[in-house]
Amino acid sequence: MHWQQKVHYLTGQPVGVSFQNGQGTSGVLCGFSDGKLLLIEYLYHTQFAMKQYDLRTIQDIHGFPPCPHEQRLY
């Protein structure tokens, strides 16, 4: 499935984004607007930033997998 089709059901979820230059980032996907992907990323302490990435630079988007059941600590 092409990444643009994934945006609709991954919006509001934690995702990993891979770029065509081989780099990547992660954050909460907020959707896209005006040719930009909108992603909230953690900076430091209690600081988060809304980042915008040009849609033409994106190779793929993947939702985070769930934690393995035996790894969960309560």
Side-chain angles (χ1 to χ4, degrees):
M1 174 183 305
H2 193 269
W3 70 262
Q4 290 178 335
Q5 295 172 316
K6 298 178 191 178
V7 169
H8 300 291
Y9 71 85
L10 290 174
T11 298
Q13 301 297 315
V15 297
V17 179
S18 58
F19 298 104
Q20 293 181 12
N21 67 4
Q23 294 180 326
T25 190
S26 62
V28 175
L29 180 62
C30 294
F32 60 93
S33 177
D34 298 324
K36 306 280 186 192
L37 185 80
L38 306 175
L39 194 69
I40 294 179
E41 296 179 12
Y42 176 70
L43 297 177
Y44 175 75
H45 194 52
T46 60
Q47 299 176 2
F48 294 83
M50 174 71 76
K51 300 279 188 91
Q52 300 180 22
Y53 297 100
D54 191 304
L55 296 178
R56 296 171 293 183
T57 66
I58 297 169
Q59 181 177 348
D60 209 351
I61 298 174
H62 299 279
F64 273 55
C67 295
H69 181 67
E70 65 274 2
Q71 298 290 322
R72 292 183 184 168
L73 300 176
Y74 295 95

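From a predicted model like this one, the values you see are computed outputs, not experimental measurements.
Other residues, nucleotides and ligands contribute more than 12 heavy atoms inside 6.0 Å of the CD atom of Gln20. In the displayed structure, Asp34 atom CG is contacted under 6.0 Å by at most 12 heavy atoms of other residues, nucleotides or ligands.
Taking the side chain as every heavy atom from C-beta outward, Val28 and Phe48 never approach each other to under 4.5 Å. Taking 4.5 Å as the limit, some side-chain heavy atom of Asp54 sits within range of a side-chain heavy atom of Lys36. The side-chain heavy atoms of Val17 and Asp60, taken from C-beta on, include no pair separated by under 4.5 Å.
Sequence neighbours left out, not one pair with a member in residues 10-23 passes salt bridge (charged side-chain N to carboxylate O under 4.0 Å, His left out).
Note that CG of Leu10 and CG of Leu29 are 6.5 Å apart. Values are rounded to the nearest 0.5 Å. Considering OH of Tyr42 and CD1 of Ile40, their distance stands at 14.0 Å, rounded to 0.5 Å. With values rounded to the nearest 0.5 angstrom, Gln52 atom CD is found 5.5 Å from Leu38 atom CG. Between the OH atom of Tyr53 and the CD1 atom of Ile58 there is a distance of 9.5 Å, given to the nearest 0.5 Å.
Closest non-hydrogen pair, Leu37 versus Val7, comes out as CD1-CG2, 4.4 Å. When every heavy atom of Ala49 is checked against every heavy atom of Leu43, the shortest pair comes out as CB-CD1, 3.6 Å.
When hydrophobic clusters are built by joining Ile, Leu, Val, Met, Phe, Trp and Tyr residues whose side-chain heavy atoms come closer than 4.5 Å, directly or via intermediates, Val15 is grouped together with Tyr9. Residues Phe32 and Phe19 share a hydrophobic cluster, clusters being chains of Ile/Leu/Val/Met/Phe/Trp/Tyr side chains in contact below 4.5 Å.
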Problem set entry | Residues Ser26, Glu41; criterion side chain to side chain donor-acceptor pair (under 3.5 Å); working and verdict | CA-CA 7 Å; Ser26 62; Glu41 296 179 12; over 6 Å; no
